[in-house]
Amino acid sequence: MYFTDRGLEELADRRGGEQVTLAWLADQLQAFVDQHPDFEVPIERLATWLARGGTDDVDDLDD
């Protein structure tokens, strides 16, 4: 198990039954980056990956 898996498992255990909007998620990620600016690049990469439906390829976007 990767160290990061523990955080993902905790998220699922604690908040897995909740429904959230992507706007809420974006706000939470922005708040995290505001508190931890060293994580800006990986959070931006994650947000871009999520926005593109799990792909890094711009050509795969459904416009």
Side-chain angles (χ1 to χ4, degrees):
M1 173 189 320
Y2 292 104
F3 175 75
T4 54
D5 290 347
R6 289 186 220 155
L8 296 172
E9 288 176 2
E10 181 177 349
L11 175 61
D13 289 345
R14 289 180 181 240
R15 311 286 297 262
E18 296 178 23
Q19 292 186 8
V20 300
T21 66
L22 292 176
W24 177 88
L25 177 60
D27 288 343
Q28 296 300 305
L29 291 173
Q30 184 62 58
F32 180 84
V33 168
D34 289 347
Q35 292 180 8
H36 308 281
D38 292 347
F39 289 94
E40 181 177 6
V41 172
I43 294 296
E44 286 298 319
R45 289 183 66 192
L46 173 61
T48 300
W49 185 81
L50 289 171
R52 294 179 179 170
T55 180
D56 289 327
D57 191 356
V58 176
D59 294 334
D60 287 344
L61 291 177
D62 293 328
D63 293 305

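Hydrogens, waters and symmetry mates are skipped; everything else that's a heavy atom, side chains included, is used.
For the pair L50 and L25, the minimum side-chain heavy-atom distance is below 4.5 Å.
Put simply, CH2 on W24 and CD on Q19 are 12.5 Å apart, with the number rounded to the nearest 0.5 Å.
Within a 6.0 Å radius of CG in L22, other residues, nucleotides and ligands contribute 12 heavy atoms or fewer.
One hydrophobic cluster holds both L29 and V20 under the rule that ILVMFWY side chains link at heavy-atom gaps under 4.5 Å.
Salt bridge status for E9 with R6: absent, with no side-chain N to carboxylate O gap under 4.0 Å.
The ring-ring contact (aromatic ring centres under 6.0 Å, His included) check on F39 picks up F32, with sequence neighbours excluded. Evaluation of the salt bridge (charged side-chain N to carboxylate O under 4.0 Å, His left out) rule for E10 yields R14 as partners, not counting sequence neighbours.
Residue pairs meeting the salt bridge (Lys or Arg N to Asp or Glu O under 4.0 Å) criterion with at least one member in residues 19-47: none, sequence neighbours excluded.
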